[in-house]
Amino acid sequence: MTLVEALACERCGRRYAPADVEYTCPEHDGVAGILDVRYEYDAVSDELAGVLDGPTEDLWTYEPLLPVDGEPVRLGAGGTDLLDAPALGDALGVDALVKNETTNPTGSNKDRGSAVAVSRARQQGHDVVACASTGNAAASLAGYAARAGLDCRIFVPADLPEAKAVQPRLYGATVLGVDGTYADAYELCREVSAERGWYNRNAAMNPYAVEGKRTLGFELAEQAPDADWVAMPMGNGCSLAGAWKGLREFERLGVVEDTPKLLGVQAAGATAIHDRFVAESDDSDAGSRTGEREDGGDTTADSIDVGVPHNAGKACRALAESGGDAVVVSDEAIRDAQRLLGECEGVFAEPASAAAVAGIRAAVDRGTVAPGERVVTVATGTGLKDSASAREAVDDVISVDAAGQGLPEDL
Ligand SMILES: *Cc1c(COP(=O)(O)O)cnc(C)c1O
Ligand SMILES: [Zn+2]
């Protein structure tokens, strides 16, 4: 038995028994009423000592706190390293740490959500899982579906980086390249999944995918209880909101005394969450949906190239509750940060992840983050899936003939 008490609508507050709804609150159109999974925290508290005693092998170490009955699907998500990052810290003027999510089994933080969503899908007897994705969620769902013996259908924008379109197919998924934006792919996935009875993993409507993302917050609370800030990139905002839920729960359960402030980072081509957060903070235009772009965003950081984020409200609430802030960074700053992270710490992260590093620099420049503060940057995904964009950040190969002709003297 899971310790789930109810699903609560983020919009109207109505509560449902887990057996009564699968996705969003039926009282609202579309995906307006996202449901939040609520637990019996007294019972969770009783399980906690056992969870915290040993090492965190993977996210299933937190199984009593996750909404899954029976044997979960295991591929090794979670339990990632928190690296000291002294060279990066010197470059940024802070006490830096890197939470290395690039080592998740399919290469990104999406594995935390997929592990839980696919375990749920199998437990509920579904044969087919589906999602719309800018790439990493696709690969992740496909990998976990393969592991669980389920069929997988993926909707992606047709202009995806090559490796991100190959990886899910290698795991046996059917990939549908939608001639349109991520928002178009998302809508099509929602319609077709509803029609054909496929289990939809999309974290903006599936209440369980985000539950897996909480485990990043659990790990951060355990590994960096004294962090002042956690910097994360924001696309839909689900990852940041999920991590915040986990951080808050561990504070509530007494595992840590304090929570860090969140620094949410977006790219200049896709700023909707940032704009909404700033508008709400100014109190001038609270709740407005400024900065949304129906045509999709425009940035090299494809994983956060989301014109109309589905979880902007949740992400803004997380930023505000944490006392944090949102910043926007240019593609040029992202490229510099990608190289900096690689050179300083040996972590090859994709542009979306590097945006968080660029965001720390921007926040220090603005005085939001004080010099010397302890800042965790979450390296959300590996750069290996998109070497084309990384190529723009690196030096050329030096051509040398077999006799060594061309070798620079000063090397
Ligand atoms: C999905 C993703 C993000 C953004 O997460 P959201 O939940 O969409 O905000 C950031 N980095 C990487 C590598 C991702 O795959
Ligand atoms: Zn509702």
Side-chain angles (χ1 to χ4, degrees), residues 80-102 109 214 216-234 237 239-252 255-267 273-274 277-278 280-281 301 304 315-330 333-334 336-347 349 352-380:
T80 60
D81 289 327
L82 181 74
L83 306 169
D84 287 339
L88 181 68
D90 278 350
L92 298 174
V94 299
D95 177 11
L97 300 155
V98 177
K99 179 65 171 166
N100 189 11
E101 292 285 288
T102 71
N109 66 339
R214 286 151 69 233
L216 174 65
F218 297 159
E219 290 177 25
L220 288 171
E222 286 202 80
Q223 292 173 309
D226 54 352
D228 297 304
W229 290 89
V230 171
M232 290 183 72
M234 302 188 293
S239 300
L240 179 130
W244 177 244
K245 185 174 179 185
L247 284 161
R248 274 294 299 272
E249 285 175 310
F250 266 27
E251 182 199 34
R252 222 174 117 177
V255 180
V256 284
E257 283 175 12
D258 224 340
T259 48
K261 290 175 281 230
L262 297 182
L263 182 67
V265 185
Q266 291 202 286
I273 302 177
H274 164 271
F277 180 73
V278 169
E280 287 179 357
S281 310
I304 52 172
C316 286
R317 219 175 313 141
L319 291 169
E321 278 177 20
S322 78
D325 205 353
V327 290
V328 165
V329 294
S330 68
I334 289 173
D336 289 348
Q338 192 180 17
R339 179 162 173 166
L340 189 69
L341 188 57
E343 282 182 354
C344 288
E345 306 301 343
V347 175
S353 314
V357 174
I360 295 171
R361 176 162 272 165
V364 170
D365 286 348
R366 268 171 41 167
T368 307
V369 171
E373 280 195 300
R374 199 163 165 77
V375 186
V376 179
T377 188
V378 182
T380 46

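Nothing fancy with the numbering, it's 1 onward along the sequence.
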Item to check | Considering all heavy atoms, the nearest V98-A85 contact | outcome: CG2-CB, 3.8 Å

Checklist outcome for this item: Residues P260 and A227: closest non-hydrogen pair is CB-O, 3.6 Å

Next on the checklist: Rounded at 0.5 Å granularity, tell me how far CG in D81 sits from CD in E219.
Outcome noted: 10.0 Å

Next on the checklist: Just so I know, are the side chains of Q266 and I304 near enough to count as touching, which here means a heavy-atom distance under 4.5 Å?
Outcome noted: no

Item to check | From OG1 (T377) to CG (L97), nearest 0.5 Å | outcome: 10.0 Å

Item to check | Minimum heavy-atom distance between P233 and A356, given as atom pair plus value | outcome: CD-CB, 3.9 Å

Checklist entry - Would a distance-only check, ignoring hydrogens and angles, find a side-chain to backbone donor-acceptor pair under 3.5 Å from D228 to R374? => result yes

Next on the checklist: I want to check something: taking the side chain as every heavy atom from C-beta on, are L216 and M232 in contact at a cut-off of under 4.5 Å?
Outcome noted: yes

Item to check | L240 side chain near L262 side chain, heavy-atom distance below 4.5 Å | outcome: yes

Item to check | From CG (D336) to CG (L341), nearest 0.5 Å | outcome: 12.5 Å

Checklist entry - Below 4.0 angstrom, N of the basic side chain to O of the carboxylate: do E251 and R248 qualify? => result yes

Next on the checklist: Nearest 0.5 Å, please: how far is NE2 in H274 from SG in C316?
Outcome noted: 10.0 Å

Item to check | Heavy-atom pair with the smallest gap, counting every atom of V329 and A333 | outcome: CB-CB, 4.5 Å

Checklist entry - What distance separates L247 CG from D258 CG, expressed to the nearest 0.5 Å? => result 11.0 Å

Item to check | Basic-acidic side-chain contact under 4.0 Å: D325, R366 | outcome: yes

Checklist entry - Looking only at heavy atoms, what is the nearest atom pair of E345 and P86, with distance? => result OE2-N, 3.5 Å

Next on the checklist: Run L319 and M234 through side chain to side chain contact (heavy atoms under 4.5 Å, CB included) and show every step you take.
Outcome noted: CA-CA 11 Å; L319 291 169; M234 302 188 293; 4.1 Å; yes

Item to check | Side chains of S353 and V378 in contact at under 4.5 Å (non-hydrogen atoms) | outcome: no

Item to check | Residue that, paired with I360, satisfies side chain to side chain contact (heavy atoms under 4.5 Å, CB included) out of V265, V94, T368 | outcome: V94

Item to check | Spacing of CG belonging to L92 relative to CZ belonging to R361, to within rounding of 0.5 Å | outcome: 5.5 Å

Next on the checklist: Would you say that R317 contacts W244 through its side chain, given a criterion of any heavy-atom pair below 4.5 Å between the two side chains?
Outcome noted: no

Checklist outcome for this item: Scanning both residues in full, the closest heavy-atom pair of A224 with L82 reads CB-CD2, 3.8 Å

Checklist entry - Applying the side-chain hydrogen bond (donor to acceptor under 3.5 Å, both in side chains) test to E101, which of N109, T80, T380 qualifies? => result T80

